[in-house]
Participant: 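I have a structure here, written as structure tokens, and I will follow up with some questions on it.
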Amino acid sequence: MKIINNIDEVRAQVKEWRKQGLTVGLVPTMGYLHEGHASLIDASHRDNDRTVVSDFVNPMQFGPTEDLESYPRDIEHDAALVEAHGGDIIFHPEPSEMYHEGFSSFVDMTVLTEELCGLSRPVHFRGVCTVVSKLFNIVQPDRAYFGKKDAQQLAVIRHMADDLNMDIEIIGCPIIREADGLAKSSRNTYLNADERKAALVLSQAVKLGMDMVRNGEKNCADIIGAMKKHIEAEPLAKIDYVKIVDCKTMQQIPELDRPALCAMAVYIGKTRLIDNFFTEDV
Ligand code: PAF
């Protein structure tokens with residue numbers, strides 16, 4: 001396993017693999033890897049001859065008041081995890097390698113980015129689409145792996161790949177949770193002991209919503225209302241949103257009459273966490 005900081009070097013290595021007829025999987029990450037990322041690397045290792053893990057805290061997807069500076073970083077830990085899960089390269093560029101002076105081209109998207117996290121984080125998806133396009137161009141993988149915890153991101157990237165004729169299979173992998181239900185996230189590390197306990201309201205609300213759907217509830221306002229009530233009972237929790245949207249368009253729907261995503265973002269203290277379920281999976 002090699003750590004490479006330079007775009008030309010990654011390209012040269014991938015070219016070499018291509019000459020040998022090998023397939024390549026890409027796992028884009030912002031580092032501080034946990035079991036959620038490990039499951040993506042495992043999936044890529046299973047499906048492809050070689051796996052590149054990008055490890056880059058992308059400044060472009062953070063708003064001015066967000067946690068770019070404090071976002072956790074630990075490349076040694078990441079290297080050990082990637083190696084243990086069969087990754088071949090960590091691509092770990094400096095921001096100046098990805099965004100040279102005078103950088104002024106962006107990939108942006110309408111509709112799918114207008115709801116959920118796109119509403120609360122206005123620059124986020126432009127940053128995600130731009131950096132993921134760059135990673136796709138640099139690595140030119142056969143397949144790329146993303147977690148379903150970031151369900152809107154997954155839908156946006158699928159849509160971008162389709163719109164822009166990117167010949168890459170986009171693979172969504174299940175949410176990985178702690179034993180008590182909290183979805184794994186690099187941001188969980190911000191939580192103190194009380195907040196860690198309080199954060200369980202997210203997965204509890206997911207379970208509540210899933211149970212209602214399983215029992216035949218079709219009215220989205222009723223499902224959302226019950227989930228919000230549960231979260232609001234926790235004093236350390238502040239809801240950003242709980243919404244039900246059409247799986248493909250990410251637009252809100254009143255009735256569960258098609259495959260839908262129920263997604264939430266909740267502040268626990270200062271930490272913004274997300275969780276979700278797909279109504280077809282319950
Ligand atoms: O999901 C993430 O960690 C990031 O948004 C991604 C896809 C690596 C782009 O920076």
Side-chain angles (χ1 to χ4, degrees), residues 7 10 25-41 43-44 51-63 66-75 77-78 81-82 85 87 89-99 103 106-109 112-113 116-118 120-139 141 143-161 164 166 168-176 183-190 250 261 263 265 271-276:
I7 293 171
V10 177
L26 170 67
V27 181
T29 82
M30 295 208 301
Y32 213 70
L33 306 179
H34 49 66
E35 289 89 336
H37 300 109
S39 73
L40 306 180
I41 302 169
S44 174
T51 292
V52 178
V53 178
S54 64
D55 188 315
F56 177 61
V57 181
N58 174 34
M60 199 189 284
Q61 69 190 72
F62 288 79
E66 292 181 356
D67 57 341
L68 173 61
E69 294 311 321
S70 56
Y71 197 85
R73 293 156 167 93
D74 186 347
I75 189 67
H77 159 85
D78 292 352
L81 184 142
V82 170
H85 288 268
I89 285 180
I90 297 185
F91 175 46
H92 182 51
E94 287 296 322
S96 57
E97 178 72 3
M98 292 297 274
Y99 301 114
F103 184 91
F106 303 90
V107 181
D108 215 342
M109 188 181 293
L112 270 78
T113 60
L116 310 179
C117 290
S120 340
R121 305 184 70 192
V123 300
H124 178 66
F125 285 114
R126 170 170 145 136
V128 169
C129 288
T130 302
V131 81
V132 170
S133 303
K134 284 171 70 66
L135 292 168
F136 284 179
N137 285 331
I138 293 164
V139 178
R143 299 178 188 85
Y145 296 79
F146 297 87
K148 288 187 182 169
K149 182 169 77 71
D150 294 289
Q152 186 179 18
Q153 169 172 278
L154 176 60
V156 163
I157 289 167
R158 276 194 206 289
H159 199 78
M160 174 184 81
L164 302 183
M166 293 166 162
I168 296 167
E169 194 182 341
I170 307 299
I171 296 174
C173 299
I175 298 178
I176 305 294
K184 300 253 184 194
S185 164
S186 305
R187 289 189 168 98
N188 291 348
T189 173
Y190 297 149
M250 297 284 121
L261 166 71
T271 305
R272 186 177 178 279
L273 299 175
I274 56 174
D275 205 339
N276 67 66

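These numbers were taken from a predicted model, which means no experiment stands behind them. We count ligands from 1, going down the list as the structure has it; atoms in each ligand are counted the same way.
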Participant: Mark up the atoms of ligand 1 that fall under 4.0 Å of a heavy atom belonging to Thr29, in ascending order.
Facilitator: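 Ligand 1 atoms under the 4.0 Å threshold to Thr29: 8 (C).
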
Participant: Please check if the side chain of Gln152 supplies one atom and the backbone of Met250 the other of a donor-acceptor pair under 3.5 Å.
Facilitator: no

Participant: Can you find a side-chain donor-acceptor pair between Tyr71 and Asn58 that sits under 3.5 Å?
Facilitator: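 There is no such pair (donor and acceptor under 3.5 Å, judged by atom type) between the side chains of Tyr71 and Asn58.
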
Participant: Run the numbers for me: atoms of ligand 1, each under 4.0 Å from some heavy atom of Pro28, listed by number.
Facilitator: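 Heavy-atom distances to Pro28 below 4.0 Å select 8 (C).
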
Participant: Hey, which atoms in ligand 1 end up nearer than 4.0 Å to a heavy atom of Val131?
Facilitator: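 Those of ligand 1 that fall under 4.0 Å from Val131 are 9 (C), 10 (O).
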
Participant: Relative to each other, are the rings of Phe146 and Phe136 parallel, tilted or perpendicular (30° and 60° limits)?
Facilitator: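 Taking Phe136 first and then Phe146, their aromatic rings stand perpendicular (interplane angle over 60°).
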
Participant: Which residue supplies the protein heavy atom nearest to atom 3 (O) of ligand 1, what is that atom called, and how far is it?
Facilitator: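 Of the protein heavy atoms, Met30 CG, 3.6 Å lies nearest.
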
Participant: Where is the nearest protein heavy atom to atom 9 (C) of ligand 1: which residue, which atom, and how far?
Facilitator: Gln61 OE1, 3.3 Å

Participant: Among protein heavy atoms, which sits nearest to atom 7 (C) of ligand 1, and what does the distance come to when rounded to 0.1 Å?
Facilitator: Gln153 NE2, 3.5 Å

Participant: Mind checking whether Arg73 and Tyr32 have side chains closer than 4.5 Å, heavy atoms only?
Facilitator: no

Participant: Checking Thr29 side chain against Ser54 main chain: does a donor-acceptor pair fall under 3.5 Å?
Facilitator: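 Indeed, once roles are kept as given, a pair shorter than 3.5 Å links the two residues.
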
